[in-house]
Each structure stands twice: as structure tokens, then as C-alpha cells.
Amino acid sequence: MAKIIGEKIANIPWQEKPQGWRYPVWRYSANPIITRDNLFMANSIFNSAVVPYGDGFAGVFRVDYYSRDQRLVTGFSKDGIDWNLDEKVIFEGYDPRLCMIEGKYYLSWVNHTPHGTTIGIAYTTDFKEWTQLEDACYPVARNGVLFPRKIGDEYMLLIRPCDRGHTPYGDIFLSRSKDLTYWGKHRFVMAPVKIWESTKIGAGPTPIETDEGWLMFYHGVLTSCNGFTYSMGAAILDLEKPWIVKHRADCFLLSPHENYECVGDVPNVVFPCAALADSETGRIAIYYGAADTTVSMAFTTVDETIDFIKKNDLIK
Ligand code: BMA
């Protein structure tokens, strides 16, 4: 039995696995949970981040407006499913990730610069006032994901260098910092291997600490004659040296199959940006953008996912 190392989330959103479902990840039956109707002048609300906060949950949401400006807003929820989004824009940019480190909530996101995108980092304690730090790297990069604690005396950031367009390549790297300002000691983590992820990969939610290693969900992209297909994969990284991949599923765990994943502004996209993990029950609730249009949820347990990764392990 694998164990999540971390906080208990007694009110984690949850739905039992449907009878007869043979896969390790199952969708919430009332998906999508957030649509453009959740905010005035939103064209689409999708790849978004969520953490436990107070007696409920807080989030940072990617909103593309009628102008197609890409911006981030906050939102709050009692149950992690029904959300109230705030109209106030906190940052320009997209694809937020959130994690709590030493009592502060850190946001990393794709920050626009005149020279291409980079990784913005900011923190808050109340989801109202934000302190922005230096960008974590020079352009161009996306998919910057912080680990939820220091390892040794260093913060760790997964990062995906890329180009200014719809990048046709992409490997996951890791950078280290003692102060969240100066990043270095870069390490290669992993590159695409299998067909479902053959174009590029990028880290997804904040990695989940388990007694088997860091459980990292990520997205992988396939290029077909119809364009890109984004799916979700999973790997387990070494606890002390998280640039070492211990196990990695050779197939996706979630891929666009439902209508709301296959049809939208960008068809065939499942893009996970957040996961809640309850150390008491091993339950995991994943938040993902569907077709660049809505936010949806899926569920798994630490046992089912780790067991599946090991049964379909790329790392021999
Ligand atoms: C990536 C990012 C994501 C988006 C995906 C599919 O490059 O921009 O925000 O979900 O493309 O369009």
C-alpha cells in the first residue's frame, strides 16, 4: 500500500469509481465543473490550480476573455466543486499552478514578456495580496511547477523550455534554488518516449509526495494529421533527487474521450494543472482543463495510480 505524505483533506471532493470501470482514473460524472458562464466576459476558463484553504478551497483560474487576453483570477469554494470566481485580475498570463510551502501559497504560471513566455512566481497568504518574485528563468519556457517543500536546503522547480509558438518539442527539466530567486544546478528529468506523448511533455499538478517517491502527473502531446492531442501521464520521481525517474507509465492515464474534452476552442485536450491529495484515505482529485474551454475533474487513489504505473513501467 502506497502512502501519501502530506496533509489530511477530510473534505476532499470525491466520487466513487463507477462499477465496472477498469482504469485507474475516472471522471467526475457532472463534468465540467467550471464553464465560461462562471465569469462575465469569459470566452473560456480552463487550465486552473486549486489548494485547500481555510475550511474549503482556493484557486487561481485561467480565463481567456472576449478580447482573448489571457489572465488569472482567484476563486473560492466550500466543496472544491462549486466555485465562486472573483472578477479581479491578479496577473496576466496562463496555466497557473499552486502549492503551499512553509505557510505561504506559491503561484507559478506562464508569464508573458515581450520576448516570449517565462515562469512567473508570486506568493500570498490570503489570496488577496500577492508578492511577485523575479521570473524563474529567461524566455522561453512554460509549465513551471514548484515542489511543495524544500529538498535538502533547496526549492525545486520543474520547467519546460520551449519556443514562442506552438512548440513542436519539449522535455521536462528541473532547476534548484536556495531563495526562489536564483535558479541553477539544472537537471534533465525526462523526454517523450511513447507515441501518445511523442511531440512534447510538460509537468502538470504540484508533485504529490508518497513513500514511493514524488508522484508527478504530466501532459504528453501527440501530433496527428488532425493536430495536437493532449493526454495525462504519470511518473514517480526519486524523493531526494527528483530528477531521477524511478517509474513511468508507458501509456496515458487520461486522454480526450468525452465530448467536453474532444470539442471546444482547442479540441482533444486534457491538461492537468492541480491535484488535491488526502494522506488519510489516499484519495486524489485532479483538476484539468478540457479542450481549452472548461475545468473538469477526475479521481484516483495513490494505490491505483502507483500500481498502474508499476504494471506498465517504462523504466526497466
Ligand atoms: C499549450 C498551453 C496550454 C493549452 C495547450 C493546448 O501550449 O498553451 O495552455 O491548453 O497548449 O492548446
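Each ligand, and each atom within it, is numbered from 1 in the order the structure gives.
Remark: R142 fails to qualify as a cation-pi partner of W109 under the 6.0 Å distance and 45° angle criteria applied to the six-membered ring.
The shortest non-hydrogen separation linking N111 to E92 is OD1-O, 3.7 Å.
In terms of protein heavy-atom proximity, atom 1 (C) of ligand 1 is nearest to Y230 OH, 3.3 Å. Of the protein's non-hydrogen atoms, D95 OD2, 3.5 Å is the one closest to atom 2 (C) of ligand 1. Closest protein heavy atom to atom 10 (O) of ligand 1: D292 OD1, 2.6 Å.
A 4.5 Å side-chain heavy-atom check between K200 and F228 finds at least one atom pair inside the cut-off. In this structure, R97 and V145 have side chains that are in contact, with non-hydrogen atoms separated by less than 4.5 Å.
Residue contacts with ligand 1 for H166 are absent, since no atom lies close enough (heavy atoms, distance under 4.0 Å). With a 4.0 Å heavy-atom cut-off, ligand 1 is reached by no atom of V110.
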Between D126 and T124, is a side-chain hydrogen bond (donor to acceptor under 3.5 Å, both in side chains) present by the stated rule, with each step listed?
CA-CA 6 Å; D126 57 8; T124 186; 3.1 Å; yes

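Contact atoms of ligand 1 toward Y94: 8 (O), 9 (O) (distance under 4.0 Å to a heavy atom of the residue). Taking every non-hydrogen atom of N47 and a distance limit under 4.0 Å, the qualifying atoms of ligand 1 come out as 3 (C), 4 (C), 9 (O), 10 (O).
Listed by chain and number, the residues in a side chain to side chain donor-acceptor pair (under 3.5 Å) with S77 are D79 (sequence neighbours excluded).
Ligand 1 has no N or O atom lying under 3.5 Å from any N or O atom of K200, backbone or side chain.
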